[in-house]
Asker: 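Here's a structure for you.
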Amino acid sequence: MGFADQRFNVNLSILFTELPLLERPAAAAAAGFGAVELWWPWVDSPTPDQSQLDALKRALEDAGVQLTGLNFYAGQLPGPDRGALSVPGEESERFRANIDVAADFAHSLGATALNALYGNRVAGVDPAEQDALALENLVLAARAADRIGAVLLIEALNKPESPLYPLVSAPAAVGVVDKVNAASGLGNARFLMDLYHLSMNGEELPSVIEQFAAKTGHVQIADNPGRGAPGTGTLQLEELLDQLRKAGYDGWVGLEYKPGDRPSAEAFDWLPRDARRTPPTSLSS
């Protein structure tokens, strides 16, 4: 086993960002990858003009890369925000306006995972009020994901970098997954296991995998410290991904790391080129 036995996609919202958005799919393809994922690309607009959606769709199709996952609108990301769905008022409304736009765009490209970032705690607002709003909005998102045959992902971030974000452990995020599934009755909410964020929280990653692999709908990686490429830090990512596969996870692994002080195209030397595009034949699509 090892890296060659995984199927990787490139997150175009953290890699290839030295290029304009519409040039990134072709750059990922030129680096040898056949699949990509994205944070919501239009941070100022949950409902961009159709022409913008069409242009990105063409760029992905022309590059010949598969969009496998997409974030719902999450506010200024990267930036001060960590989601919108639990933030009362305008941000929650913007999230709701985005739900069908994001789902329809994902569906048009065959993406089957939609990530809903929870949002920061707001000073002066009762956390219970935010959690009730979050559950309401996540059920709406789960229904939209179900409509297109997708899973709804709920992610734990890390407390050092996201101190106002309430889901800063695997159990906290999985607890929300369980609540959404119980409230929606659909069973399509899943845990997004980001090994970088969990390691930053000091969690025992082998234990997290053992406990929660069965509830995991997507995995993302970066090394720690530094959030760089595998091999730039101390995480045993190859071993951890092997453990995930042995535990039954056969989905995509998102490369969500920073390229460092080099062009993104040079940040993949840890992964042989012939392991980048074609998923192992034993994996389901």
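Quick caveat, the model's predicted, so the values are computed rather than measured. We count residues from 1, following the sequence as given.
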Asker: Tell me, do F8 and I221 make a side-chain contact under 4.5 Å, heavy atoms counted?
Answerer: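 Result yes, sub-4.5 Å side-chain heavy-atom pair found.
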Asker: Which pair of non-hydrogen atoms, one from P225 and one from T234, has the smallest distance, and what is that distance?
Answerer: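 Distance-wise, the nearest heavy atoms are CD-OG1, 4.2 Å.
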Asker: For K215 and D178: C-alpha separation, side-chain torsions, deciding distance, then whether salt bridge (Lys or Arg N to Asp or Glu O under 4.0 Å) applies.
Answerer: CA-CA 9 Å; K215 295 187 176 184; D178 291 342; 3.0 Å; yes
Asker: Under 3.5 Å, is there a donor-acceptor pair linking the side chains of S92 and N137?
Answerer: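 Side-chain D/A pair, S92 to N137: present.
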Asker: So, applying side-chain contact (heavy atoms from CB on, under 4.5 Å) with L38, which one of N71, L21, T68 is it?
Answerer: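 Exactly one option meets the side-chain contact (heavy atoms from CB on, under 4.5 Å) with L38, and it is L21.
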Asker: I need the minimum non-hydrogen distance between F16 and A265, along with the two atoms involved.
Answerer: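 Reported closest heavy-atom pair: CE2-N, 3.7 Å.
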Asker: Can you find a heavy atom in the side chain of L167 that is under 4.5 Å from one in the side chain of L157?
Answerer: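 No, every pair of side-chain atoms sits at 4.5 Å or beyond.
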Asker: To check you understand the geometry: which heavy-atom pair defines the closest contact between R262 and A229, and what is its length?
Answerer: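 Where R262 meets A229 most closely, the heavy atoms are NH2-CB, 4.0 Å.
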Asker: K258 pairs by side-chain contact (heavy atoms from CB on, under 4.5 Å) with which of T17, L15, I14?
Answerer: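 One option only clears the test, and that one is I14.
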Asker: Just by distance, do the side chain of R245 and the backbone of Y249 share a donor-acceptor pair under 3.5 Å?
Answerer: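 A pair under 3.5 Å: no.
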Asker: Once you round to the nearest 0.5 Å, how far does CD of E129 lie from OG of S86?
Answerer: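 With rounding to 0.5 Å, CD (E129) is 10.5 Å from OG (S86).
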Asker: Table please: side-chain donor-acceptor pairs of residues 46-55 below 3.5 Å, with sequence neighbours left out.
Answerer:
residue : atom : partner : partner atom : Å
Q50     : NE2  : D54     : OD1          : 2.8
Q52     : OE1  : D49     : N            : 3.3

Asker: Does the R94 side chain pair with the main chain of L85, one donor and one acceptor, at a distance under 3.5 Å?
Answerer: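 Side chain of R94 to backbone of L85: no pair is present.
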Asker: Going by atom types only, do Q66 and N9 share a side-chain donor-acceptor pair under 3.5 Å?
Answerer: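 The answer is no; no qualifying pair exists.
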Asker: Taking it one step at a time, do V151 and T112 satisfy side chain to side chain contact (heavy atoms under 4.5 Å, CB included)?
Answerer: CA-CA 6 Å; V151 297; T112 56; over 6 Å; no
Asker: Going by atom types only, do Q211 and S207 share a side-chain donor-acceptor pair under 3.5 Å?
Answerer: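 Yes.
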Asker: Just by modelled atom types, is the P259 backbone N or O under 3.5 Å from a matching donor or acceptor in the R227 side chain?
Answerer: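 No; judged by distance alone, with no hydrogens or angles, the pair does not exist.
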Asker: Where do A28 and L12 come nearest, in terms of heavy atoms and distance?
Answerer: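 For A28 and L12, the tightest heavy-atom pair comes out as CB-CD2, 4.0 Å.
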Asker: Looking at Q220 and D194, what are the two nearest heavy atoms and their distance?
Answerer: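 The answer is OE1-OD2, 3.2 Å.
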Asker: Tell me whether M200 is reachable from V174 by hopping between hydrophobic residues (I, L, V, M, F, W, Y) whose side-chain heavy atoms are closer than 4.5 Å.
Answerer: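 Shared cluster, no.
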Asker: Output yes when a side-chain donor or acceptor of Q243 lies under 3.5 Å from a complementary backbone atom of P206, and no otherwise.
Answerer: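 Yes; judged by distance alone, with no hydrogens or angles, the pair exists.
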Asker: Does any N or O in the side chain of D223 come within less than 3.5 Å of the main-chain N or O of L235, such that one atom is a donor and the other an acceptor?
Answerer: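 It does hold such a pair.
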Asker: Determine whether a donor-acceptor pair (N or O, by modelled atom type, separation under 3.5 Å) exists between the side chain of R190 and the backbone of T216.
Answerer: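 Yes, R190 side chain to T216 backbone: donor-acceptor pair under 3.5 Å.
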Asker: Examine distances only and state if a side-chain atom of R82 and a backbone atom of G79 form a donor-acceptor pair shorter than 3.5 Å.
Answerer: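 Present.
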Asker: Starting from V176, can I reach L133 by hopping between I/L/V/M/F/W/Y residues whose side chains sit under 4.5 Å apart?
Answerer: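 Hydrophobic grouping puts L133 apart from V176.
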Asker: Which value, rounded to the nearest 0.5 Å, describes the distance between L192 atom CG and L153 atom CG?
Answerer: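 That separation rounds to 5.0 Å.
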Asker: Kindly indicate whether the side chain of R277, heavy atoms from C-beta on, has any atom under 4.5 Å from the side chain of F33.
Answerer: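 No; the side chains remain at least 4.5 Å from each other.
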Asker: Strictly by salt bridge (Lys or Arg N to Asp or Glu O under 4.0 Å), give each pair with a member in residues 141-161 just once, sequence neighbours left out.
Answerer: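 Pairs touching residues 141-161 that pass the test: D100-R147, D104-R147.
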Asker: Looking only at side chains, do Q130 and Y118 share a donor and an acceptor under 3.5 Å apart?
Answerer: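 No donor-acceptor contact under 3.5 Å links the two side chains.
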Asker: Go through the steps to decide whether N158 and V168 satisfy the test side chain to side chain contact (heavy atoms under 4.5 Å, CB included), and finish with yes or no.
Answerer: CA-CA 5 Å; N158 75 78; V168 287; 5.8 Å; no
Asker: Using modelled atom types only, decide if a donor and an acceptor are shared between the side chain of S13 and the backbone of W39 within a distance under 3.5 Å.
Answerer: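 Answer holds: yes.
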Asker: Of D250, V253, V219, which is the lone residue that meets side-chain contact (heavy atoms from CB on, under 4.5 Å) with L244?
Answerer: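 Answer after filtering D250, V253, V219: V219.
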Asker: Can you see which heavy atom on P25 is nearest to which on L60, and at what distance?
Answerer: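 Here P25 and L60 meet closest at CG-CD2, 3.7 Å.
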Asker: What's the verdict on salt bridge (Lys or Arg N to Asp or Glu O under 4.0 Å) for D126 and R121, showing C-alpha distance, side-chain angles and the deciding distance?
Answerer: CA-CA 9 Å; D126 185 349; R121 291 303 193 205; over 6 Å; no
Asker: Any side-chain heavy atom of L195 within less than 4.5 Å of one from M193?
Answerer: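 Yes, at least one pair of side-chain atoms sits under 4.5 Å.
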Asker: Judged by modelled atom types alone, do E18 and S264 share a side-chain donor-acceptor pair under 3.5 Å?
Answerer: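 Per modelled atom types, E18 and S264 side chains form a pair under 3.5 Å.
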Asker: Can you tell me how far apart CG (N11) and CD (E37) are? Round to the nearest 0.5 Å.
Answerer: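 Atom-to-atom, N11:CG and E37:CD are 4.5 Å apart.
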Asker: For F95 together with F72, are the ring centres under 6.0 Å from each other?
Answerer: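 Yes, close enough.
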Asker: Taking the ring centre of each residue, are F3 and W270 less than 6.0 Å apart?
Answerer: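 Aromatic pair counts; centres sit under 6.0 Å.
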Asker: Is the shortest heavy-atom distance from the side chain of I148 to the side chain of L114 under 4.5 Å?
Answerer: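 Of all side-chain heavy-atom pairs linking L114 with I148, at least one is under 4.5 Å.
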Asker: Does a side-chain N-to-carboxylate-O contact under 4.0 Å join E91 and R96?
Answerer: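 Salt bridge: no.
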Asker: Report yes or no: does W252 contribute a side-chain atom to a donor-acceptor pair with the main-chain N or O of Q6 at less than 3.5 Å?
Answerer: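 Answer holds: no.
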Asker: Say whether, by atom type as modelled, one donor and one acceptor occur between the side chain of S169 and the main chain of A172 under 3.5 angstrom.
Answerer: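 Side chain of S169 to backbone of A172: a pair is present.
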Asker: Going by atom types alone, do N224 and S199 pair a side-chain donor with an acceptor below 3.5 Å?
Answerer: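 Yes, because at least one side-chain N or O of N224 sits under 3.5 Å from a partner of the opposite role on S199.
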Asker: Checking one residue: V122. Which other hydrophobic residues are in its cluster under the side-chain 4.5 Å linking rule?
Answerer: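 Besides V122, the cluster holds V87, V125.
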